[in-house]
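Residue numbers start at 1 and run along the sequence shown. All values below were derived from every heavy atom in this structure, side-chain atoms included, with hydrogens, water molecules and symmetry-related copies excluded.
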Amino acid sequence: MLISLFSVAQAQAAQSSQNSILSSVLIFVPIFAIMYFLMIRPQQKRQKEHTALISSVKKGDEIVTASGILGRITHTGDSFIQVEIATNTEIKIQKSSVGAVMPKGTYKGDL
């Protein structure tokens, strides 16, 4: 009788540990889904938009760099672009540092 009670208790303990593992997994699935839709997916969307922006810049576009420098593109290359930031003043920057393309007429040369 004592042996059968002991084996029943062991079986219940094993079943409860399996239920606890299953419930832990079921809790993490929705948490991961929420993190994906709130954090990962929007970041991927912004990265795609920035990549499209970088590939579409051309000579004559007025841009603002990530550091806040306003200028007009005078030359484009594969990885770098040349930007006029004042009359007779040009700098060479990486394409990836372009923050935004501004509307025409924003940059007026010497401010």
Colleague: So, do V83 and I69 sit near enough that their side-chain heavy atoms are less than 4.5 Å apart?
Modeller: no
Colleague: Would you confirm whether Y107, through its side chain, and M102, through its main-chain N or O, come within 3.5 Å as a donor-acceptor pair?
Modeller: no
Colleague: State the OG1-NZ distance between T87 and K108, to the nearest 0.5 angstrom.
Modeller: 13.5 Å
Colleague: If you look at every heavy atom in E62 and R72, which pair is closest and at what distance?
Modeller: OE2-NH2, 3.5 Å
Colleague: Using the test side-chain contact (heavy atoms from CB on, under 4.5 Å), find all partners of T89 that sit at least two apart in sequence or belong to another chain.
Modeller: I85, A86
Colleague: Report yes if some heavy atom in the side chain of D61 is under 4.5 Å from a heavy atom in the side chain of T76; otherwise report no.
Modeller: no
Colleague: Excluding sequence neighbours, so at least two apart, what forms side-chain contact (heavy atoms from CB on, under 4.5 Å) with H75?
Modeller: Q82
Colleague: Same cluster or not: are I54 and I81 linked, directly or through other Ile, Leu, Val, Met, Phe, Trp or Tyr residues, by side-chain heavy atoms under 4.5 angstrom apart?
Modeller: no
Colleague: Return all side-chain donor-acceptor pairs below 3.5 angstrom for residues 33-50, not counting sequence neighbours, or 'none' if the list is empty.
Modeller:
{"unit_1": "Q43", "atom_1": "OE1", "unit_2": "R46", "atom_2": "NH2", "d": "3.0"}
{"unit_1": "H50", "atom_1": "NE2", "unit_2": "V98", "atom_2": "O", "d": "2.9"}

Colleague: Looking at I73, is its backbone amide N or carbonyl O close enough to the side chain of K58 to form a donor-acceptor pair, meaning the two atoms are under 3.5 Å apart?
Modeller: no
Colleague: Is there a path of hydrophobic side-chain contacts, each under 4.5 Å between heavy atoms of I/L/V/M/F/W/Y residues, joining I91 to I63?
Modeller: yes
Colleague: Which heavy atom of I27 sits nearest to which heavy atom of P30, and what is that distance?
Modeller: O-CD, 3.2 Å
